[in-house]
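Structure first, then comments.
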Number of protein chains: 2
Amino acid sequence: MAVSNVDQIMLQAQNVCAENGLKLTKKRRQVLHALVMSTTALSAYELRESCKTETGDLLPPMSVYRILDFLQEAGFVHKLNLSNRYTACVHIACNHAHRFSQFLICVKCQLVTEINIPELTINNMKSDAESAGFELTKPQLEISGVCYTCKNKAA
Amino acid sequence: MAVSNVDQIMLQAQNVCAENGLKLTKKRRQVLHALVMSTTALSAYELRESCKTETGDLLPPMSVYRILDFLQEAGFVHKLNLSNRYTACVHIACNHAHRFSQFLICVKCQLVTEINIPELTINNMKSDAESAGFELTKPQLEISGVCYTCKNKAA
DNA sequence: AGAATAATGATATATGGTATCATTGCCGCT
DNA sequence: AGCGGCAATGATACCATATATCATTATTCT
């Protein structure tokens, strides 16, 4: 995510939890913080590293996955299935209503950019799906591409 | 895929390979055939089962993955990243030019339906991505939903 | 036939994720 | 403060997905 207002994001997350009876414990904060700080999506096992204690202890994998589940439930984190990695939601601080999200993933540098899908695109997709006999539920789109930085580097 | 014209599909695959100097060996045919016959996407390890010999020998995992790589290169098979499963391309027999594909995956029964994305939707997505500083390369979309059969069952 | 190359096999291991049961820590109560 | 109950975390074991590496078998080409 790599943002400047990290503190504000963490505070907002804390507030959202308080309002909904969810507990943002120390470890959960640690994991969320690591994701918010990272420009790229992180794997569960990379997150263990990011959260290790001064004595070098790692979180057990089970805990990492449970914490990720919690953070996803709360809407703070998305899982990217293309890479089996996790990324902080860009809308934590702005408290947007959560719409269908779309992730643009650079195949060269792994940069992840989350954008909102315009209403129009969503509606088109919904009716395309309907024609094929499907009702859409949770269309999270993950699309591979090349970011302009990498594209320019190549040229 | 679950189609009636299985033989025609296999024949067409054979022809495409011949035209392009690719070898559709016996094992590759076996794997492709298993995928063409299945209504749901199959995992690599399920494919081992589908292709076992009379004596019960299984393909080594490495071979399955290599064969799947080959079939994907040839455009006969898609990998679904949402489920880490593989499915035959619906366009083998009709020999369509390959456009961006979209998969509708039923969360209840695992039915997979491949549809073409209308030109319009693609172009919208491309310009959305461009606004965010991305150039799209291989937009394969995988979308969760509920097929009408399951939806009606629920009601 | 023999060399070169492509395909497959075998073994080991990395990586991603879950099941299960034990332990810890927090919260409210009296 | 002490205690009971429940949520969160830890520990161990394990399954599922995928790859690295080297050995062997088939094809193809001369």
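Worth knowing before you read on, the calculation uses all heavy atoms, side chains too, and leaves out hydrogens, waters and symmetry mates. In what follows, chains are A, B, ... by sequence order, proteins preceding strands, each numbered from 1. These figures come from a predicted structure and were not determined experimentally.
Checked by atom type, the side-chain pair B:Gln12/B:Gln14 shows no donor-acceptor distance below 3.5 Å.
Atom CD in B:Gln72 sits about 13 Å away from atom C1' in D:dA18, given to the nearest Å. For the pair B:Leu58 CG and D:dA16 P, the computed distance is 14 Å after rounding to whole Å. To the nearest angstrom, P of C:dT8 lies 9 Å from CZ of B:Phe70. For the pair B:Lys27 NZ and C:dT8 C1', the interatomic distance rounds to 7 Å; values are reported in whole Å. The interatomic distance linking B:Leu68 (CG) with D:dT17 (C1') rounds to 12 Å, in whole Å. A straight line from NZ of A:Lys79 to C1' of C:dG16 spans 8 Å, rounded to a whole angstrom. The nearest whole Å value for the distance from the OH atom in A:Tyr65 to the C1' atom in D:dA16 is 11 Å. The distance between atom CG of A:Asn81 and atom C1' of C:dG16, rounded to the nearest whole Å, is 12 Å.
With C:dT18, C:dT8, D:dA18 as the candidates, the nucleotide lying closest to the side chain of B:Ile67 is C:dT8. Side chain of A:Arg28, nearest nucleotide from C:dT18, D:dA18, D:dA8: D:dA8. Comparing atom distances between the B:Leu59 side chain and each of D:dG10, C:dG9, D:dA18 picks out C:dG9 as nearest. When distances run from any side-chain atom of A:Ser63 to the nucleotides D:dT9, D:dA18, C:dG16, the shortest one goes to D:dT9. Distance from the side chain of B:Pro60 is smallest to C:dG9 among D:dT9, C:dG9, C:dG16. Checked against D:dG10, D:dA18, D:dA8, the side chain of B:Asn84 finds its nearest nucleotide in D:dA18.
Each of A:Asn116, A:Ile143, A:Thr121 was scored for a side-chain contact (heavy atoms from CB on, under 4.5 Å) with B:Asp128, with one residue passing: A:Thr121.
Under a 4.0 Å N-O distance rule, the pair B:Arg85/B:Glu46 qualifies as a salt bridge.
Heavy atoms only, all atoms of each residue included: A:Cys109 and A:Cys106 are closest at N-SG, 3.4 Å.
The stretch residues 14-26 of chain B has no heavy atom under 4.0 angstrom from DNA chain D at all.
A donor and an acceptor atom never sit less than 3.5 Å apart when one is taken from the side chain of A:Arg85 and the other from the base of C:dG16. Between the side chain of B:Tyr45 and the base of D:dA18, a donor-acceptor pair under 3.5 Å is found. Between the side chain of B:Arg66 and the base of C:dG9 there is at least one donor-acceptor pair of N/O atoms closer than 3.5 Å.
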CA sep, side-chain torsions, deciding dist, call: A:Ile9, A:Leu11, side chain to side chain contact (heavy atoms under 4.5 Å, CB included): CA-CA 5 Å; A:Ile9 291 173; A:Leu11 188 62; over 6 Å; no
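Two rings, from B:Tyr86 and B:His78, have their centers 6.0 Å or more apart.
Rounding to the nearest 0.5 Å gives a distance of 7.5 Å between CD of B:Gln110 and OG1 of B:Thr40.
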